[in-house]
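Here the structure comes first, spelled out in structure tokens, and everything after it is commentary.
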Amino acid sequence: MTEKQPIHAALPIALGLSALILFISAGISLLLDSFHKSVDAGPQNLIYHTNPAAVLQACGAVLANPQAAGFPSATNGIASIQGPQTGVNPPASLPAALRNLNFEFMTIQGNQLMIYFGGGFGHWGFSTAPLPGGAQLQLIPGLWFWSEFGLPPNPAKVKYYRTGEWLIGGGIIVTIAAITVQIYRRRISALVERQNARFCVPNVSV
């Protein structure tokens, strides 16, 4: 009968440390995904959950008569109003499709109306004309989405938290392996001790 060798004591410890690293990595990944999801939420809402035709129609009405929509006279060629994101109620005469947007401010320069959202991490919004540079996407003819930090992923396709979930799953598997190895190691050690005791010949005094 071949004697089973005890498993090295370092193996369950190594597995336990590996599981700890996986759980820490999962926590970091989940925090990063939570941050990315919160950053993407605003731009995603404009692209995927806002009616671009209604926004474009409202922009056209404002451009046709800015003062009737509540804009002041232009200063240095630019007229602007603040929005709910700054704590200011937009003009009551502003078309509802625009008034209901939680925008930071709007500007009119010539025949271009731009709607700004965001703040410290950058701005994004709508424009009735393409911008000379930067990330932008034509939603329908005459209306563009633009962003200072790139286009957001499609919420129907991106899988937030997937990496973190995989890391948690890996940590659980490795933890179970560490416990199993430790139990197996103890049983093998006990078996070896019993075998050694069985073949041990006691000293006989003459």
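The first residue in the sequence is number 1, and the count goes up from there. Any value given below was found using the heavy atoms of this structure, including those in side chains, with hydrogens, waters and symmetry copies removed. On a predicted model such as this, the values are computed, not experimentally measured, just so you know.
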How close do [X] and [Y] get, counting heavy atoms only, and between which atoms?
X	Y	answer
Leu30	Glu165	CD2-N, 4.5 Å
Thr128	Leu113	OG1-N, 2.9 Å
Leu22	Gly171	CD1-N, 3.6 Å
Pro72	Ala79	O-CB, 3.5 Å
Ile78	Gln109	CG1-CD, 3.9 Å

Nearest 0.5 angstrom please: [X] [atom1] to [Y] [atom2], how far?
X	Y	atom1	atom2	result
Phe145	Leu139	CZ	CG	8.0 Å
Ile115	Ile108	CD1	CD1	10.0 Å
Met114	Thr107	CE	OG1	6.0 Å
Asn89	Thr86	CG	OG1	9.0 Å

**Prompt:** Mind checking whether Phe149 and Trp124 have ring centres under 6.0 Å apart?
**Reply:**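 Ring-ring flag for Phe149/Trp124: true, centres closer than 6.0 Å.
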**Request:** Show your working on side chain to side chain contact (heavy atoms under 4.5 Å, CB included) between Phe126 and Leu56 and close with a plain yes or no.
**Result:** CA-CA 9 Å; Phe126 292 125; Leu56 180 60; over 6 Å; no
**Message:** Counting only heavy atoms not in Gln57 (residues, nucleotides, ligands), do more than 12 fall under 6.0 Å from its CD?
**Reply:**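 Count not over threshold, so no.
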**Prompt:** Is the number of heavy atoms from other residues, nucleotides or ligands within 6.0 Å of CG (Asn111) greater than 12?
**Reply:**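 No, because the 6.0 Å sphere around CG of Asn111 holds 12 heavy atoms or fewer from other groups.
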**Asked** Do we see a donor-acceptor contact under 3.5 Å between the side chains of His49 and Gln44?
**Response**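 No - no donor-acceptor pair under 3.5 Å links their side chains.
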**Request:** If the plane angle is over 60° it's perpendicular, under 30° parallel, otherwise tilted; pick one for Tyr116 and Phe105.
**Result:**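 Geometry flag for Phe105 against Tyr116: parallel rings.
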**Prompt:** Do you know which of Gln136, Gln112, Gln138 makes side chain to side chain donor-acceptor pair (under 3.5 Å) with Ser127?
**Reply:**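 Testing each of Gln136, Gln112, Gln138 against Ser127, the sole residue satisfying side chain to side chain donor-acceptor pair (under 3.5 Å) is Gln112.
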**Request:** Dump the intermediate steps for side chain to side chain contact (heavy atoms under 4.5 Å, CB included) on Gln67 and Asn65, then the final yes or no.
**Result:** CA-CA 6 Å; Gln67 282 69 45; Asn65 194 340; 4.1 Å; yes
**Request:** Mark yes or no for whether Thr50, through its side chain, and Asn45, through its backbone, hold a donor-acceptor pair below 3.5 Å.
**Result:**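 Yes: the side chain of Thr50 pairs with the backbone of Asn45.
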